[in-house]
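Numbers restart at 1 for each chain; the letters A, B, ... are given by sequence-line order, proteins then strands.
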There are 2 protein chains.
Amino acid sequence: MTQSKSPSERRAHLVQLAGDLFAEKGFRATTVREIADAAGILSGSLYHHFDSKESIGDEILSAFLEDVLAGYREAVRDTADPRTAIEQIVRSSTANLSRHRAALTMLQNDWNYFSGQPRFAYLRTAMKEIEQTWIEQLERGKQTGQFRADLDTRLTYRLLRDILWLPTSWRSSATWSTEQIIDGLLRLLFDGIRA
Amino acid sequence: MTQSKSPSERRAHLVQLAGDLFAEKGFRATTVREIADAAGILSGSLYHHFDSKESIGDEILSAFLEDVLAGYREAVRDTADPRTAIEQIVRSSTANLSRHRAALTMLQNDWNYFSGQPRFAYLRTAMKEIEQTWIEQLERGKQTGQFRADLDTRLTYRLLRDILWLPTSWRSSATWSTEQIIDGLLRLLFDGIRA
DNA sequence: TGATACCAAGCAAGCGTTCGGTCAAGGGCG
DNA sequence: CGCCCTTGACCGAACGCTTGCTTGGTATCA
């Protein structure tokens, strides 16, 4: 059909197509035949580009986590102020999440499936670093007096991280812009809903 | 084997077993053979009690939504104050969610699967009522001056409802008690993390 | 000529579901 | 008491279908 210019550009396109499906139905619920249909080829032909369905998932997940971790590292490197750091984390995450919708859906839907396999051990590693980063910033904020001293750091981290990842799963509705979501999120996190 | 006292007590037990599996892996990812294994019978024997796998899911989901809606209705009936109403909603929801872990996992993992079928049309109906309730209370709070006037009501509702349902998906860890979670949740919602 | 990208066909395994048969428990009845 | 017959719970084996994946062949183009 449409011929790709550079080698393996076709491959990247297939990953993109598969990702769109994963983002809507999850990894397990998406069949290789559906992916092939979206690409206009037969299911068997996919195996000319990938050696398994898991490889496609692997590519999507590792690319996502690399970007996320890069954003986290930059956020804490540039800033001394924990509140600014968290705000920076929120901004970089939101950008990454809208670019990697598929990865997050996979993590939420099929975490049990992936996290059990040795091949995806890096998932746990990355999650640990994310947790560590949040906890450090929250603790620092408590010490400087910017955050409430009575915060349960670990509980707050779990809530904040998951809250941050929520809007991604909202069907790509044009209801709210990314800016609006970031705004609503930040104000909620820092100030709550009370006047 | 063990004989049940009342008729269809066995059936209720099977629903319980299936629910435990659904809560961990989701509905689609759980096979009837796994359910049967957990019960110590063969997969085919399940069909003596249920006419399909979907029926089990139906039973779990409808029971959950009935309880949730009852909690919402009671919360807004008894209270004139919107802040108290929301606090009441949070409390009743948390109780319901810990009792119906399976249902929420199913809604999060397999929403696309269920919401498409006519049989599960009540899912959309119930969600609409939940949304309506939240929005009413948020609007009232804005009018009385208790909540910030610049809140995007619909966006805030989506955030709050999803946030409320988050902790359920946290594996039944003994890390935090229900009381702790409610506390952290309420303080975060109303006051944010700032000191 | 030899990669590259794909087709056509099919495999084994797993899925939800069906169906005829077995077997113990228990009430009705002489 | 002893017999029969219903009933509920389950087994064993299979069904049709879908799954991820394999294999041998073909067209295209450098």
Side-chain angles (χ1 to χ4, degrees), chain A residues 1-19 21-22 24-61 102 106 109-110 112-114 116-117 119-120, chain B residues 1-19 21-22 24-61 102 106 109-110 112-114 116-117 119-120:
Chain A
M1 292 282 145
T2 3
Q3 199 56 12
S4 48
K5 301 135 202 175
S6 96
S8 79
E9 187 172 322
R10 171 69 169 158
R11 181 193 164 97
H13 180 58
L14 291 175
V15 174
Q16 166 72 30
L17 288 177
L21 292 170
F22 294 160
E24 274 174 41
K25 317 182 43 179
F27 180 80
R28 277 187 21 237
T30 304
T31 71
V32 295
R33 272 169 251 263
E34 286 171 321
I35 301 173
D37 275 1
I41 59 179
L42 291 186
S43 70
S45 305
L46 276 179
Y47 289 81
H48 174 68
H49 303 275
F50 312 96
D51 56 320
S52 73
K53 182 188 171 188
E54 268 176 23
S55 296
I56 308 181
D58 197 343
E59 233 160 282
I60 292 176
L61 285 176
M106 291 162 70
N109 270 262
D110 310 294
N112 280 321
Y113 175 76
F114 289 121
Q117 301 176 239
R119 171 174 194 172
F120 292 95
Chain B
M1 291 280 148
T2 4
Q3 200 55 15
S4 50
K5 302 130 202 176
S6 95
S8 78
E9 186 172 323
R10 171 68 169 160
R11 180 192 166 97
H13 180 57
L14 291 175
V15 174
Q16 166 73 29
L17 288 177
L21 292 170
F22 294 159
E24 275 173 41
K25 316 182 44 179
F27 180 80
R28 260 143 114 191
T30 304
T31 72
V32 294
R33 273 169 250 264
E34 285 173 322
I35 301 173
D37 275 2
I41 61 179
L42 289 187
S43 69
S45 306
L46 276 179
Y47 289 79
H48 175 70
H49 303 276
F50 312 95
D51 56 320
S52 72
K53 183 187 171 188
E54 269 176 22
S55 297
I56 309 181
D58 198 344
E59 231 160 283
I60 293 177
L61 285 176
M106 291 162 69
N109 271 261
D110 310 295
N112 281 321
Y113 176 75
F114 289 121
Q117 301 177 239
R119 172 175 194 171
F120 292 95

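Ranking C/dT17, C/dA5, D/dC21 by closeness to the A/Arg33 side chain, first place goes to D/dC21.
The side chain of A/His48 places an N or O atom within less than 4.0 Å of a non-bridging phosphate oxygen (OP1 or OP2) of C/dA5. Taking 4.0 angstrom as the limit, B/Arg28 places none of its side-chain polar atoms (N or O) nearer than this to OP1 or OP2 of C/dC15. Taking 4.0 angstrom as the limit, A/Ser45 places a side-chain polar atom (N or O) nearer than this to OP1 or OP2 of C/dC7. Neither OP1 nor OP2 of C/dT18 sits under 4.0 Å from any side-chain N or O of B/Tyr47.
In this structure, the CZ atom of A/Phe50 is 11 Å from the P atom of C/dA5, given to the nearest Å. When rounded to the nearest whole Å, the span between OH of A/Tyr113 and C1' of C/dG14 equals 13 Å. Atom-to-atom, NZ of A/Lys25 to C1' of D/dT19 comes out at 13 Å; the value is rounded to the nearest Å. The CZ atom of B/Phe27 sits 13 Å away from the C1' atom of C/dC15 (whole-angstrom rounding). To the nearest angstrom, P of D/dT28 lies 17 Å from CZ of A/Arg10. The distance between atom NE2 of B/His49 and atom C1' of C/dT17, rounded to the nearest whole Å, is 15 Å. C/dG16 atom C1' lies 15 Å from atom CG of B/Asp110, rounded to whole Å. Taking atom CD on B/Glu9 and atom P on D/dG8, their separation rounds to 16 Å, with Å as the unit.
Note that the two end axes of the helix from C/dT1-D/dA30 to C/dG30-D/dC1 enclose an angle of 10°, each drawn from 5 base pairs, rounded to 10 degrees.
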**Request:** Go through the steps for B/Asp58 and B/Phe114 under the test side chain to side chain contact (heavy atoms under 4.5 Å, CB included), then give the verdict.
**Result:** CA-CA 9 Å; B/Asp58 198 344; B/Phe114 289 121; over 6 Å; no
**Request:** Run the numbers on B/Arg28 and A/Arg28 for side chain to side chain contact (heavy atoms under 4.5 Å, CB included), then give the verdict.
**Result:** CA-CA 9 Å; B/Arg28 260 143 114 191; A/Arg28 277 187 21 237; over 6 Å; no
**Item:** Working for side chain to side chain contact (heavy atoms under 4.5 Å, CB included), residues B/Ile56 and B/Phe27
**Value:** CA-CA 10 Å; B/Ile56 309 181; B/Phe27 180 80; 5.5 Å; no
**Request:** Carefully, step by step, assess A/Glu59 and A/Arg11 under the rule side chain to side chain contact (heavy atoms under 4.5 Å, CB included).
**Result:** CA-CA 11 Å; A/Glu59 233 160 282; A/Arg11 181 193 164 97; 2.5 Å; yes
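For the residue pair A/Leu14 and A/Leu46, the shortest heavy atom distance occurs at CD1-CD2, 4.3 Å.
Annotation: proximity of residues 35-43 of chain B to DNA chain C (heavy atom, distance under 4.0 Å) is found for B/Ser43, numbered in ascending order.
Residue contacts shown for A/Thr31 are limited to sugar-phosphate atoms, with no base heavy atom under 4.0 Å away. No engagement by A/Ser55 is indicated, since no non-hydrogen atom pair under 4.0 Å with the nucleic acid exists.
With sequence neighbours left out, the ring pair (Phe, Tyr, Trp, His ring centres under 6.0 Å) criterion links B/Phe50 to no other residue. In this view, A/Asp110 satisfies the side chain to side chain donor-acceptor pair (under 3.5 Å) rule with no residue, not counting sequence neighbours. Residues meeting the salt bridge (charged side-chain N to carboxylate O under 4.0 Å, His left out) test with A/Glu54, sequence neighbours left out: A/Arg119. Applying the salt bridge (charged side-chain N to carboxylate O under 4.0 Å, His left out) test to B/Glu34 and every residue at least two apart in sequence or in another chain returns B/Lys25.
Taking NE2 from B/His13 and CG from B/Leu17, the interatomic distance works out to 4.0 Å, rounded to the nearest 0.5 Å.
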